[in-house]
Amino acid sequence: MTNTDTSIQTKIYHTVSCVPKGTVSSYGQIADLAGLPGRARAVGYWLKRTPQNLVLPWHRVLRADGKIAFPPGSETFIEQRNRLIDEGVAVKYNRVELDKFGWKPDLSVLLHQLYY
DNA sequence: CGGCTGACCCTCG
DNA sequence: ACGAGGGCCAGCC
């Protein structure tokens, strides 16, 4: 990625890759950090069509209320839940407590976003 | 250009 | 805590 590449897709992918293991973010938070306020739906859109060969911690992105965005019991729901639990994130049914596991970006991340 | 669709989000009851 | 309703916006017809 270069600083001349300002495509929405690239911004979103880069920001998602910044979410640390063992923490969770939300579609809206990713959009905000990527400099795309109000475009949470776009985050979902690009995550959905993320190719398998691209390694992204997509499972760390939840809805604003901490819920997994997929229908409970679905294939993707179960995979996301399992991945989170493997990282030590407590998932109660379909929800994560954001007070405990919500990502608080450090200053270096915030400053980095200013360059894009 | 118009009309959907969606891994969204906020407010309100 | 939960659902409905309205707003939102990128892609894709």
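For clarity, every value in this text was computed on a predicted model and none was experimentally measured. Here is how names work: the chains are called A, B, and so on, in the same order as the sequence lines, proteins then strands, and each is numbered from 1.
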- Query: Are A:Arg60 and A:Glu87 within salt-bridge range, i.e. N to O under 4.0 Å?
  - Reply: yes
Expected string for nucleotides 5-13 of chain C under the B/S/- scheme (protein heavy atoms, under 4.0 Å, primed atoms plus P, OP1, OP2 as sugar-phosphate) is --BBSSSS-
Counted 5' to 3', the first and last nucleotides of DNA chain B within 4.0 Å (strictly under) of a heavy-atom of chain A are B:dG6 to B:dC10
Which of A:Arg81, A:Gln80, A:Glu97 passes side chain to side chain contact (heavy atoms under 4.5 Å, CB included) with A:Val91? Answer is A:Arg81
Note: A:Ile30 and A:Ser25 closest approach over all heavy atoms is CD1-OG, 3.6 Å
When every non-hydrogen atom of A:Thr23 is compared with those of A:Val89, the smallest separation belongs to N-CG2, 4.3 Å
With distance as the sole test, does A:Lys92 use its side chain to make a donor-acceptor pair with the main-chain N or O of A:Ala90 at under 3.5 Å? no
Side chain to side chain donor-acceptor pair (under 3.5 Å) filter on A:Thr50, not counting sequence neighbours, yields A:Tyr13
**Message:** What's the gap between C:dC12 and B:dC1 when it is taken at their C1' atoms, as a whole Å value?
**Reply:** 14 Å
By salt bridge (Lys or Arg N to Asp or Glu O under 4.0 Å), A:Lys48 pairs with (sequence neighbours left out) none
Sorted by number, residues from residues 64-94 of chain A placing a heavy atom under 4.0 Å from DNA chain B are A:Ala64, A:Ala69, A:Phe70
- Sub-3.5 Å donor-acceptor pair from the side chain of A:Thr15 to the main-chain atoms of A:Lys11, do we have one? yes
Sorted by chain and number, sequence neighbours left out, side chain to side chain donor-acceptor pair (under 3.5 Å) with A:Glu79 holds for A:Arg83
In short, A:Trp58 meets A:Phe70 closest at the heavy-atom pair CZ3-CE1, 4.5 Å
